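To start, the structure itself, in structure tokens.
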Number of protein chains: 2
Amino acid sequence: MAENREVTIYDIAKHLNISAATVSRGLKNSPSVNKNTRKKIAEAAVELGYQSNTFASSLRSKSTHTLGVLVPRLNSYFMSSVLAGMENAANRHGYNLIIAQSLEDAEKEKLNAATMFNKRVDGLLISLSYDTQNINHLEPFFKRKIPVVFFDRVHPHNASTSIVINNYGAAYNITKHLIDQGCRRIMHLGGNVLRNVYKERFDGYRQALKDHDLSFNEKMHFISTLSEKAGAEAAKHILNLTAAKRPDAVFSANDTAAVYCMIALKTAGLRIPEDVAFAGFNNDPISKVIEPNLTTVDYSGDTMGNTAVTNLINHLKGISNLYSTNSITLRADMIIRASSLKKG
Amino acid sequence: MAENREVTIYDIAKHLNISAATVSRGLKNSPSVNKNTRKKIAEAAVELGYQSNTFASSLRSKSTHTLGVLVPRLNSYFMSSVLAGMENAANRHGYNLIIAQSLEDAEKEKLNAATMFNKRVDGLLISLSYDTQNINHLEPFFKRKIPVVFFDRVHPHNASTSIVINNYGAAYNITKHLIDQGCRRIMHLGGNVLRNVYKERFDGYRQALKDHDLSFNEKMHFISTLSEKAGAEAAKHILNLTAAKRPDAVFSANDTAAVYCMIALKTAGLRIPEDVAFAGFNNDPISKVIEPNLTTVDYSGDTMGNTAVTNLINHLKGISNLYSTNSITLRADMIIRASSLKKG
DNA sequence: TTGTACGCGTTATCAG
DNA sequence: CTGATAACGCGTACAA
């Protein structure tokens with residue numbers, strides 16, 4: 001009794017005594033189909049409960065209207081903003097997103113990339129995992145000229161677009177801001193310098209020190225995964241230093257580490273910003289909740305997601321000028337809050 | 001020069017002088033293929049750079065190994081945890097996720113559901129938008145017996161599984177906790193009671209009041225979208241009340257509203273918890289950063305995402321007992337922190 | 001264990 | 001403007 005076959009364009013065709021080809025065209029509102037016929041087709045489609053079969057279409061047309069998104073982790077405020085921005089832009093243009101996370105594991109990234117390729121995504125958006133060294137796993141995309149857009153954690157590749165912020169400049173400015181506040185011993189909580197973002201933030205920080213005749217030594221560069229725990233460990237490290245060696249400011253490559261470092265120092269009785277001033281990165285919600293509020297860099301995930309997808313889709317539609325720059329740098333302005341404002 | 005055709009099983013077949021059927025079987029490691037042949041096929045696949053075409057396969061096998069995920073918003077801590085949990089479980093079982101957000105708009109939810117259906121997802125995971133009234137838009141799924149799993153913001157539907165926490169119980173307990181602390185005038189910051197989660201939290205709160213002979217009046221129920229702004233507005237509302245009418249505690253249906261309400265009250269000079277005690281919901285990162293730390297309900301998005309996907313996949317694999325309960329309630333324990341601990 | 005032959009639902013091509 | 005037909009790449013009865 002319960003008929004379980006798909007309703008296809010043939011059913012519509014039979015119903016209207018026309019050919020499937022015309023139905024196919026009509027459903028896409030092709031102007032080469034009689035207006036009246038188009039209307040009839042649309043009505044019959046509703047009446048019969050027709051639902052187009054996307055992958056039968058994909059098989060024929062060789063385009064899926066699906067974009068692959070491959071990120072290190074899904075559960076961070078920044079990344080969820082990126083995804084929200086991407087979904088928005090994609091939806092607006094009739095594209096869908098298929099999303100996977102590498103969990104910072106190069107091997108998983110490789111597998112996910114293969115899956116995305118097998119699903120024949122029309123384009124790939126990727127932010128590299130913590131320990132990805134090369135991008136050989138993206139070769140299939142390059143070979144078949146499937147556009148790849150890197151964002152945030154990028155990799156130089158001359159045929160792909162990269163969407164980044166000026167990490168170097170932001171780090172330079174925020175470090176300079178700390179210096180302007182009178183800080184002289186500024187510690188940096190950084191990430192793996194293998195990744196562009198952390199290297200550039202570190203470089204910007206170091207250059208700012210240099211330009212202001214402040215010495216730098218490796219002990220002031222605390223490398224970690226920038227997690228809550230890492231922030232607390234950085235605090236422990238700081239508290240173990242003699243007063244003379246203790247930093248009078250900390251610039252962290254993300255807000256999480258900064259905030260949990262602040263909390264631990266506060267618990268230990270240090271005053272912020274008087275004893276140690278703080279600056280972070282990302283403008284995560286916690287930066288507005290911690291007391292004193294954290295000075296940080298307003299890194300908009302939403303804008304980055306939007307830009308990445310829009311760029312990719314323009315490329316797919318052949319709108320973008322291929323000879324235009326293939327690296328887009330988004331603004332990311334410093335937000336000055338109390339945690340970095342030394343008194344007197 | 002640059003050959004741009006797909007490498008297909010036919011290419012492998014020709015290369016090895018065998019039939020495409022054997023290649024097809026061999027690639028899936030079918031035991032009905034000679035081991036040696038299988039090895040040769042695998043090698044040739046690599047050599048020729050073969051990449052299986054998922055949707056050609058899907059067209060034939062009528063299964064996509066793709067799950068649709070439809071959520072109100074992507075950019076919240078809770079939801080990104082859910083997605084992370086889902087992606088993990090899905091990946092583990094060889095499934096992919098295609099994700100869309102309704103932006104709390106029933107109309108968009110409808111469109112997205114249609115897209116998911118057209119992409120022939122093997123199953124759908126959905127948390128309803130703020131203003132979704134009915135689930136007619138899911139009929140195509142029900143008709144074709146494509147399993148739908150509701151989570152968090154659910155809808156009663158006898159053929160679908162719902163994954164929820166005990167919102168009523170958690171709200172009851174946390175309200176009771178406030179009462180035990182000596183609070184007598186407890187205000188509730190709630191969401192739209194059309195949605196089960198907000199209705200149940202409201203009901204639990206009210207029942208706790210009743211069981212302790214505390215009166216309730218509608219003025220103590222502040223309904224909003226529970227955003228940052230809404231939290232601040234609730235604070236304004238509270239500050240406008242005369243001292244006699246002012247609540248001595250606030251139970252908010254999420255942490256965001258609670259925290260921004262706290263901040264505004266603190267700025268106005270009120271002491272927390274002495275003047276107004278606080279409790280929230282979700283265990284969002286900001287609840288651990290605000291001072292005093294916010295008492296809240298530990299609602300694990302990760303667990304919910306994992307459970308939802310695992311349940312769905314078990315169903316798809318026919319493992320689950322269809323006669324078992326179709327509603328799964330996850331634990332969500334209260335976390336007591338300083339914001340609710342009245343002194344003396 | 002392997003091969004033959006067909007069909008999944010759609011779209012492109014060409015002819016009318 | 002419409003129709004007939006082939007083809008996209010793969011999986012699977014059925015036969016050998």
Side-chain angles (χ1 to χ4, degrees), chain A residues 3-42 44-45 48-66 115 117-122 140 144, chain B residues 3-42 44-45 48-66 115 117-122 140 144:
Chain A
E3 184 56 72
N4 221 17
R5 228 180 38 78
E6 299 234 352
V7 178
T8 74
I9 53 172
Y10 282 97
D11 298 317
I12 299 181
K14 207 173 297 172
H15 187 78
L16 295 176
N17 266 317
I18 57 179
S19 80
T22 303
V23 175
S24 174
R25 288 187 279 251
L27 285 171
K28 303 194 330 206
N29 249 305
S30 158
S32 73
V33 164
N34 184 298
K35 232 178 180 172
N36 195 24
T37 317
R38 269 188 288 188
K39 210 176 112 199
K40 276 195 205 152
I41 292 172
L48 302 182
Y50 168 81
Q51 303 277 154
S52 81
N53 186 323
T54 313
F55 49 75
S57 161
S58 295
L59 178 59
R60 195 62 241 255
S61 65
K62 298 196 171 304
S63 116
T64 56
H65 270 68
T66 300
T115 311
F117 186 90
N118 288 349
K119 296 243 169 184
R120 299 295 190 273
V121 295
D122 286 351
R144 302 232 29 151
Chain B
E3 184 56 72
N4 221 19
R5 225 178 41 77
E6 298 234 354
V7 178
T8 75
I9 52 172
Y10 286 97
D11 298 319
I12 299 182
K14 207 173 295 172
H15 187 78
L16 296 176
N17 266 318
I18 58 180
S19 80
T22 303
V23 175
S24 173
R25 289 188 278 251
L27 285 171
K28 301 190 341 205
N29 249 303
S30 160
S32 73
V33 162
N34 185 297
K35 231 172 179 177
N36 195 24
T37 317
R38 271 187 289 189
K39 208 175 114 199
K40 274 195 205 152
I41 292 172
L48 302 182
Y50 169 79
Q51 303 277 152
S52 83
N53 186 324
T54 313
F55 49 76
S57 161
S58 295
L59 179 59
R60 203 60 247 267
S61 64
K62 299 200 169 301
S63 116
T64 55
H65 270 69
T66 301
T115 311
F117 185 90
N118 289 348
K119 296 243 169 182
R120 298 296 190 273
V121 294
D122 286 350
R144 303 234 28 150

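In the text below, chain A, chain B and the rest are named by the order of the sequence lines, each starting its count at 1. A quick note: this is a predicted structure, and the numbers were derived from the prediction, not measured.
Side-chain contact check for A/Thr54 and A/Ser57: no donor-acceptor pair (N or O, by modelled atom type) lies under 3.5 Å.
Chain A approaches DNA chain C over the interval C/dG9 to C/dT13, counting the first and last nucleotide 5' to 3' with an atom under 4.0 Å from its heavy atoms.
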Sort me out a list of protein N/O and nucleotides 9-13 of chain D N/O pairs below 3.5 Å, or just none if empty.
unit_1, atom_1, unit_2, atom_2, d
D/dG9, OP1, A/Lys62, NZ, 3.1
D/dG9, N2, B/Ala56, O, 3.3
D/dC10, OP1, B/Tyr50, OH, 2.5
D/dC10, OP1, B/Asn53, N, 3.4
D/dC10, OP2, B/Ile9, N, 2.9
D/dC10, N4, B/Tyr10, OH, 3.2
D/dG11, OP1, B/Ser57, OG, 3.3
D/dG11, OP2, B/Ser24, OG, 2.9
D/dG11, N2, B/Arg60, NH1, 2.4
D/dG11, N3, B/Arg60, NH1, 2.5

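Between the side chain of B/Asp122 and the main chain of B/Ser63, no donor-acceptor pair closer than 3.5 Å is present. Side-chain atoms of B/Thr66 come within 3.5 Å of backbone N or O of B/Thr64 as a donor-acceptor pair.
Take B/Arg38 and apply the side chain to side chain contact (heavy atoms under 4.5 Å, CB included) test, not counting sequence neighbours, and it matches B/Asn29, B/Val33, B/Lys35. In this structure A/Asn36 satisfies the side chain to side chain contact (heavy atoms under 4.5 Å, CB included) test together with A/Asn34, A/Lys40, sequence neighbours excluded. With sequence neighbours excluded, the residues satisfying salt bridge (Lys or Arg N to Asp or Glu O under 4.0 Å) with B/Asp11 are B/Arg5. For B/Arg25, there are no salt bridge (Lys or Arg N to Asp or Glu O under 4.0 Å) partners two or more places apart in sequence or in a different chain.
B/Ser58 comes within contact range of no nucleotide atom at all, as no heavy-atom separation falls under 4.0 Å.
Between B/Arg144 and A/Glu6, the closest side-chain pair of non-hydrogen atoms falls below 4.5 Å.
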